[in-house]
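Down below is the structure, laid out as C-alpha cells.
Here is how names work: the chains are called A, B, and so on, in the same order as the sequence lines, proteins then strands, and each is numbered from 1. No experiment lies behind these values; they were computed from the predicted model shown.
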Amino acid sequence: MSLSARYQPQETETKWYDYWLKKNYFHSEPDEREPFTVVIPPPNVTGVLHMGHMLNNTIQDILIRKARLSGKNACWVPGTDHASIATEAKVVRLLREQGIKKGDIGRDAFLEHAFAWKDKYGGIILDQLKRLGASCDWERTRFTMEPSLSDAVLHVFVNLYEKGRIYRGLRMTQWDPEALTVLSNEEVIYKEENARLFHLKYYRTDNPALFITIATQRPETIMADVAIAVHPQDERYQSFIGKSVFVPLINREIPIIADAYVDISFGTGALKITPAHDQNDYEIGKKHKLPVIDILTPNGKLNEKATILVGQDRFEARKNIKKLLEEAGALEKIEDYRTSIGHSERTDAVVEPRLSLQWFVDMKPFAKTALEAVKSGEVKFYPESMFNMYQSWLQEDNIRDWCISRQLWWGQRIPAWFLKTEAEDENQQVFVGKTADDALKQAIEKTGIASLTLADLKQDEDVVDTWFSSWLWPISVFDGFKDPKEIAYYYPTQVLVTGWDIMFFWVARMIMSGYEFSPELLGAGKIKEKGAMPFKAVYYTGMVRDNKRRKMSKSLGNSPDALALIDTYGADGVRFGVLSSAAAGNDIIFDAPFDLKTQEVLNESKLCEQGRNFCNKLWNALRLLQGWEVTKIEKNDGDHAIAELANQWLDARINQTLVLLQDQFNSYRLSEALITVYKLIWDDFCSWYLELIKPAYGEPIQKKVLDQATAHFEKLMTILHPFMPFVTEEIWHQLKQRAEGEDCVVSVWPSAYEYDKLLIADVDLLKLVTSSVREIRNNHQIKMKEELTLYFQKSMLTIQWLHRKGIKEALCKTSVLNEVSLTEEEIPNTVTFLGGNDKCYLVINTTINVEEEKGRLVKEIEYYQKFISSVENKLSNEKFANSAPADIVNKERQKLADGQTKLKGLMEALTKLG
RNA sequence: GGGUGAUUAGCUCAGCUGGUUUAGAGCACCUGCCUUACAAGCAGGGGGUCAUAGGUUCGAAUCCUAUAUUACCCA
C-alpha cells in the first residue's frame, strides 16, 4: 500500500478519537494504581472554544496522556460551569427577542427556559475539546448546577452558616445596574477613562458671601450629600469646620466636618460626603454618624429622594445638572482628568456602589489557610513568581469578605428563609437549612410558635455566586459530600491548569474549601497520608494575546477561530503551535496575522504550520521505512557496521533525551519538552539516523536493521504521543500489525537507562566533520554526489575515533567520501579545517584559491587568538586560581589547551599556504 | 497613587544554582539544490555591546541599586 506524500489529519483524527472512545481508554475507575487526577477548569456551559481553552486543555491533555503512558491511573474530569450572570444575561436577551420579559413569567418558568436553552446549546465546547484530542473521562462529565453539585453547595452554605462563617448584612457593594445584581469585587474591571472634575460652590448658611468649592466627578449625586469634609490641618478651611453650607439647587443644609481621610492636594481639598453612592464616603459617614440618602433606583435612575431630575438616568442627569448648576452660579469650572472607572465584567455597565442586604463569607480565616498552604509548599505554583500576586491578595489587610448573593435566578437559591410577617432588614430572623422543612423546624423552635407552616415562610430570592459552586469543584465532581468513596482515591488532584486571571476567583477559593472540607470528608488518617489540598500543583498559563498584546477575546474579534485552525493544520499541528510558545505564566503572543484591509484576524498561524509540517515529516519517515525492500540475508559489511553504530547511537540519544524530558515534565516546562522531542525526532532520527541506515539506491535493507528502526520509531511515537496524539497513533498502527489493545495511547513510556556518553561525543564529531565538508562543497561548488578524499591529522584522539567500528564508513556515507585516512604530514593542495582539535585535509579536484583560503584561516585564527587571550587572562589572575572551584579552573585549562592546539594547527595550515 | 514582572537576533521566545556561553532555538532573511521519504523538503550562511548607567565578584545575560520603556495586578 502506498501512502500519500502528505499527512492528512482530517482522515485520521476523528477515526482515532472514536476508536479511543470505543476502547474506553479515557475512563478511570479507582484501582490499585497510583491516581493522577486533573479536574478541568469548567468552561461556561454556553461558551465556545477559544485560544485560551486550546492552550489550557492542550497542556492538561499532555500531562494526562503522559501519566497514562507512565502507568498511572489517569483521570481527567470534564464539565461545565453554569456561569450565572453570563448565562442569565443570554437567556434574558433571548427571551426579550421573543417578546418575553423575565419578570412577567416568574422564576420557575424562567428557569425552565434557561434549562431548555442550556440543553440545546450548552456543552458545545465539550465536543470541541474532543476535536482537540482531549482525553477526558467523558463518563464523568459534570455540570455545576446538576442536582448533586447543587446539593454540595447547599450543604456547604448551611455548614458555614452554622459555623458562623457566613453572615447577612447591610453593606456597600458593587452593583451592576444593568444585570440588577451585586458583583463581587473581582467581577469589577477598572478601566482608565477620560472624566471631568466639576468644581462646585457650596454657600455658607451663616454668610451667603462665603462658600467652599468641592471637586466631584459625579455632580448628579449632590442631592445625596450629607456633609462636606476637609482635612483637619488644612489651613484654608480652618474657619469652615463646624459651620454648614447649602447643597446647591436643593438648598439642603449640611455640616462641614474634619476628617484626616481627605487628601489636601486633590482637587480643592474639600470633599463632598455622599454615603449612599461612594464606598469611602460611606465609611466616613458611618464614623461621623451621618445619615444615608440613596437617590438612585436599582437600574441607575434618580429616584424621588433626589427631588430634582427624578426618573433620569445617572448619565443623562449628569449632563442636565451641569446646565442647572451653571444657571444657579454654583459651577466654578470643569477640569478634564483621567481616572479609572469600574465596569461590570459581564455587562460592561459602569458599576454603582450601593448599600444593600447581602450574604457574605468571612474570609479572614480562609485567607490565612490558603496563604499558608502555598507558603508551606503543600500547593506548588508554577511559575513560582505567581506566589507574589497570590500573597498580596490574601494578606490580612487586603482580604475582604466575599459577597456571595446575586440577584439572579440562574443558580443555587440561597437556603435561607424568613418569616413573612417581618420587615426585610438586617435584624429580621433568618432560618438557614438545606430544605424548607429544616427551616420551618428551626422557625418553630426559635419563635416558639408551634402553628407555623411553610406558608408563613418565604425563601431568600437570591442565588449564590457561581464561584460558590466552582470552589467545591475538586470535591464535588467526585460527589465527595455524598460519599467519600471516590475522593478517598482521587483526592487530592495532581495539578490544576488555569490562567492566572482567575487566581483569586477560583484557585485561592478552591484551596480554601479544600482545607476546610476535605478533613471531615476523608478523615484524619487519609489527610495525614495524602494532604488536605485540592491539588498538589497549579500550572498558571499565560493569557493568549494578539500581536498588539491585547487579550484574545470574542468581543474584540482578535482571536482566530480555533476550529478553523484545526481544519487547516490538524489538531496535532494546532497543539504544537499553541504550546510551542507557551512557557508557564508568560503571556503568549499568538502569531495569527491580520488582514490589513479588513483588520480582521486570519485563521492562520506560522507556529501551527510548523506543527503541521512536523506531522508531515513523521509521515514521510514512515513512507521511507515502508518503501524499503527487505532482505533477510545478513552481511557483515560496511553498511552493517554503520547500522550497528547508528542503532547504538540513537539508543543512547533517546536515553539521554528521556532523562532531560523527565526533568522538563517534573518542572512543567512543557514547551521546552516539546522542542526537545521535536529535535530528537527531526534532527537525530530523521536527519542522521535514517540517513545513516538508508541503503544505497536500489539496494534492499537488512531485516534486522529495519526492525531496529521500527522499534526506535515506535518508541519515539510513544514519547511524542502526549503532545501530538493523533499522528502518533496513526503511525504506530502503520508501523506494524497490532494485536488487540496494542495502541499508542496506552503504550508504555520508556524508562531511561545508562547510555554511552562517549558514543554520543564520537558521533557529534562525525556531524561536525560532515558539516564542514558540506560547507566546503558549498563554497567550492562541488556537487553533493562527487566523492572526495579526507585526511585526518594523526593524534591519539583521531586514531581512537577512526578505530570505532562503523565511524569511518559512516563518515564516508554522510560526507560522500571515497577514502578517509590518517596522516602525519601536511597534505598540499587541500582545504584545511578543524575537526575537533585536529586538522582535516579535504582533497578537492578544483584549484584552490589561495587568497580565499588564507582569508578564511586568518579569520579563524583571529577568533582563537582572542579566545585564548581571554582564557589566559582569566587563568593568570591569581584570585581566580585561588577562589574558583577546582573543576572550573580545570575546565578553563582544558579550554586553553584545546584552543592552543587548534590555533597551532591553523597557523601551520596558513604557513603551508605560503 | 501602591505593587509585581518583563526588556536577549527583524519577529516569538529559551538561557533554571553566576563559571564549556565573546549567548541558543524556531520563524523570517540570504545562497545553492525539484538528490530516488518529505520543496510542508535538503545542504549551507549572515544576523545580538543580552534596555541604559553604576555596583558586588577572580568572573555577570544571570546578583544588587538607580533610570528608561513596557505589561499586568491592586485601589
Candidate nucleotides [options], ranked by approach to the side chain of [X] - the nearest:
{"X": "A:Y697", "options": "B:A25, B:G45, B:U36", "answer": "B:U36"}
{"X": "A:E775", "options": "B:G45, B:A37, B:C16", "answer": "B:G45"}
{"X": "A:W500", "options": "B:A37, B:C73, B:A43", "answer": "B:C73"}
{"X": "A:I888", "options": "B:G19, B:C38, B:A75", "answer": "B:G19"}
{"X": "A:K866", "options": "B:U22, B:A37, B:C16", "answer": "B:U22"}
{"X": "A:N388", "options": "B:U36, B:U4, B:C58", "answer": "B:U4"}

Interatomic distance where CH2 belongs to A:W688 and C1' belongs to B:A43 [whole Å]: 10 Å
Any base atoms under 4.0 Å from [X], or only sugar-phosphate, or nothing? Heavy atoms, all strands.
{"X": "A:W682", "answer": "sugar-phosphate"}
{"X": "A:S771", "answer": "sugar-phosphate"}
{"X": "A:Y678", "answer": "nothing"}
{"X": "A:F614", "answer": "nothing"}
{"X": "A:K694", "answer": "base"}

From A:Q900, A:Q894, A:K895, residue fulfilling side chain to side chain donor-acceptor pair (under 3.5 Å) relative to A:D898: A:Q894
Aromatic contact, A:H712 with A:Y689 (centres under 6.0 Å): yes
Spacing of the P atoms in B:G24 and B:A9 (rounded, Å): 14 Å
Note: A:R218-A:E352 ion pair, threshold 4.0 Å (strictly below): yes
Pairwise 5' ranking along RNA chain B for A:N280 and A:Q664, keeping only the more 5' one: A:Q664
